[in-house]
Amino acid sequence: MTRKAAIIGGGVIGGGWAARFLLNGWNVSVFDPDPQAARKIGEVMANARASLPALSDIPMQAEGVLSFADTITEAVQGADYIQESVSERLELKHRVFAQIQQSCPDTLIGSSTSGFKPSELQQNAANPATIFVAHPFNPVYLLPLAEVVPSPASDPAAIERAKEILREIGMFPLHVRKEIDAHIADRFLEAVWREALWLVKDGIATTEEIDEAIRMGFGLRWGQMGLFETYRVAGGEAGMKHFMAQFGPCLQWPWTKLTDVPEFTEELVDLIAGQSDAQSGHHTIRELERIRDGNLVGFLRALKDRNWGAGKVLREHDERRRVAFVAAPATGAPMVMARMQVLPSWIDYNGHMTESRYLFAASETSDAFLRFIGADMDYVATGFSYYTAESHIMHKGEAKLGDHLTGSVQVIAADEKRLHIFIAIQKDGVDVATIEQMLLHVDMAAGRTVAAPAAILDRLTPVAHAHAGLARPTAVGRFTGQRN
Ligand SMILES: NC(=O)C1=CN([C@@H]2O[C@H](COP(=O)(O)OP(=O)(O)OC[C@H]3O[C@@H](n4cnc5c(N)ncnc54)[C@H](O)[C@@H]3O)[C@@H](O)[C@H]2O)C=CC1
Ligand SMILES: C[N+](C)(C)CC(=O)CC(=O)[O-]
């Protein structure tokens, strides 16, 4: 059954949460008194639809249904999870929690607060145990981090349930073990922000020069290794101890003004806003969001290819959903083994699915079949596997962005070592490509083919027998350039 999230406060962050839940298949009900909320969330959704699916290598869930409620009570009715994202005012958040808990005292309530401690949020609540901080990062639909901060009054089981929900929607819940103002990440952001304000106020650098200093250098490093791993490497072969010995004394030198706060005079605000207009005013905010999202998708995909940092979270999210998408196989007909959706990164300069993705679709399909006969990852870990020795792809139609495809397997022949299969990639039941493959069972350490064990042959042979009665596809054995 489709689950429901209630989003209370649909501004920048609430809109981002709504998009993340909806694109991960949850229904979402939003309450926000702003008459512009629906328009704003519609625009956030358009940006999210254009970017989040590009991070996925398996089909996205069918998008959930978005609705707007007239009251908090209506929004939270039947919700499995509630995310509060109203303006950063404690008394407002308290009022919202009180209204929520009048009808839903036991439902999980994550707060997007950037700085309030959970014990502050819980003050005077009907049920403090289910209120906690789930602090996200903008854009919520792309960035995985959510700082999850409980207080001593929080119910540990509720916190674990919340973390699991956040993982289900592709996030990385970082459990902050001890509550503190502004959690972990915003303490850094605040320090950097304060220093940057001083640099502008003192006429050392413009907003643009500061941004260049970040994005041309250390910002790139932080996005992939963070602070400590980066500095460990910077210590050279002697590592962290050498780094600390060399740069420790600088901490006593006047390198920062971190604890001083520049006064927000009209003059300073105008200076910063004026420089920011000169730097970026030729783009609208929505254009800047799209530029940001495109860049983030590129970074995140690179990290995903390398299975590193935030890219690891993306891979894990694919794996969770892959399990959910395995079709129940039937053995008396070509077996539908994979369901896929044509994603933005699969499209080439001709505007349709690029050729390498047909081989990818075939390998998704054959991998699912191999798992079905028992040659799964546990089996591969024993040192044996199937390798593809030959593939022949025929392109028979066009697949376009968003098309839903199936991948089916017909076993043409199988013996102890060989597995000859015919894969059809279909859209609406019609072939867009066929792929004939010969796979060989190998001993990976020895680097040679060997007979598959009985456990695998016992699962493969009945399928091969059932498929022996099927018509042999005319494309089997076809060579490139052959006339029909
Ligand atoms: N903007 C950012 O970069 C980040 C903000 N946050 C946190 O997220 C929360 C929301 O911030 P933003 O989305 O940036 O603010 P925002 O100003 O864009 O949105 C706040 C929304 O709350 C709505 N609102 C006010 N009273 C309400 C009520 N009684 N019931 C329902 N909605 C109500 C407003 O109409 C507005 O749409 C804050 O706690 C903030 O600290 C967290 C991470 C990043
Ligand atoms: C500026 N801010 C404190 C609201 C920032 C955040 O809370 C997180 C973010 O997305 O930068």
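In each ligand, atom 1 is the first atom listed, and ligand 1 is the first ligand listed. What you see is a predicted model; the values in this text were computed from it and never measured.
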What protein heavy atom lies closest to atom 30 (N) of ligand 1? Include the residue and the distance to one decimal.
Phe31 CE2, 3.4 Å
Assess Arg221 against Phe218: is NZ or CZ under 6.0 Å from the centre of the six-membered ring, and within 45 degrees of the ring's axis?
no
Quick one: nearest non-hydrogen protein atom to atom 19 (O) of ligand 1, plus distance?
Gly11 CA, 3.4 Å
Give me the nearest non-hydrogen protein atom to atom 23 (C) of ligand 1 as residue plus atom name, then the distance to 0.1 Å.
Asp32 OD2, 3.2 Å
From Arg301, Arg321, Arg315, residue fulfilling salt bridge (charged side-chain N to carboxylate O under 4.0 Å, His left out) relative to Asp57
Arg301
Please list, in number order, the atoms of ligand 1 under 4.0 Å from a heavy atom of Pro136.
43 (C)
Once you round to the nearest 0.5 Å, how far does OG of Ser408 lie from CD1 of Ile423?
8.5 Å
Starting from atom 42 (C) of ligand 1, which protein heavy atom do you reach first, and at what distance in Å?
Ser112 O, 3.2 Å
Mark yes when over 12 heavy atoms from residues, nucleotides or ligands other than Met444 sit less than 6.0 Å from its CE; otherwise mark no.
yes
If you count the atoms of ligand 1 from 1 in the order shown, which ones are under 4.0 Å from a heavy atom of Thr113?
39 (O)
Hey, looking at atom 40 (C) of ligand 1, which of Ala134, Ala146, Ser114, Pro33 has the closest heavy atom?
Ser114
Can you confirm whether more than 12 heavy atoms, excluding those of Glu91, are under 6.0 Å from its CD atom?
yes
Got more than 12 heavy atoms from elsewhere within 6.0 Å of CD, Glu74?
yes
Nearest non-hydrogen protein atom to atom 10 (C) of ligand 1, with distance, is Ser85 O, 3.2 Å
Checking heavy atoms under 4.0 Å, the part of Lys93 that sits near ligand 1 is side chain
Please write down residue, atom name and distance for the protein heavy atom closest to atom 39 (O) of ligand 1.
Glu88 OE1, 2.6 Å
So which protein heavy atom does atom 15 (O) of ligand 1 come closest to, and at what separation?
Val12 N, 4.7 Å
Minimal heavy-atom distance between Ile131 and Gln122, with the atoms involved, is O-NE2, 3.0 Å
Any protein heavy-atom neighbour for atom 37 (O) of ligand 1 (distance below 4.0 angstrom)?
yes
Can you list every pair where an N/O of ligand 2 is under 3.5 Å from an N/O on the protein?
unit_1: ligand 2; atom_1: 7 (O); unit_2: Ser114; atom_2: OG; d: 2.8
unit_1: ligand 2; atom_1: 7 (O); unit_2: His135; atom_2: NE2; d: 2.7
unit_1: ligand 2; atom_1: 7 (O); unit_2: Asp186; atom_2: OD1; d: 3.3
unit_1: ligand 2; atom_1: 7 (O); unit_2: Asp186; atom_2: OD2; d: 2.7
unit_1: ligand 2; atom_1: 10 (O); unit_2: Asn138; atom_2: N; d: 3.0

Selection residues 108-141 - residue pairs positive for ring pair (Phe, Tyr, Trp, His ring centres under 6.0 Å), sequence neighbours left out:
His135-Phe137, His135-His183
If you measure every N or O of His135 against every N or O of ligand 1, does any of those distances drop under 3.5 Å?
no
Could you tell me whether atom 17 (O) of ligand 1 has at least one protein heavy atom nearer than 4.0 Å?
no
Applying ring pair (Phe, Tyr, Trp, His ring centres under 6.0 Å), which residue pairs with at least one partner in residues 59-103 are found, sequence neighbours left out?
Phe21-Tyr81
Any side-chain donor-acceptor pair under 3.5 Å between Ser119 and Ser151?
no
Quick one: does any side-chain atom of Arg20 pair with a main-chain N or O of Leu143 as donor and acceptor, under 3.5 Å?
yes
Find all atoms of ligand 1 within a distance of less than 4.0 Å from any non-hydrogen atom belonging to Asp34, and give their numbers and elements.
35 (O)
Does a sphere of radius 6.0 Å around CZ in Phe360 hold more than 12 heavy atoms from other residues, nucleotides or ligands, not counting ones at 6.0 Å or beyond?
yes
Taking side chain to side chain contact (heavy atoms under 4.5 Å, CB included) as the definition, give me every residue that meets it alongside Ala196, ordered by chain and number, with sequence neighbours left out.
Ile210
re atom 44 (C) of ligand 1, the protein heavy-atom contact at minimum distance is Ile13 CD1, 3.4 Å
More than 12 heavy atoms of other residues, nucleotides or ligands under 6.0 Å from CZ of Arg177: is that the case?
no
Have a look at Val140, Val86, Leu92 and point out the one with the heavy atom closest to atom 9 (C) of ligand 1.
Val86
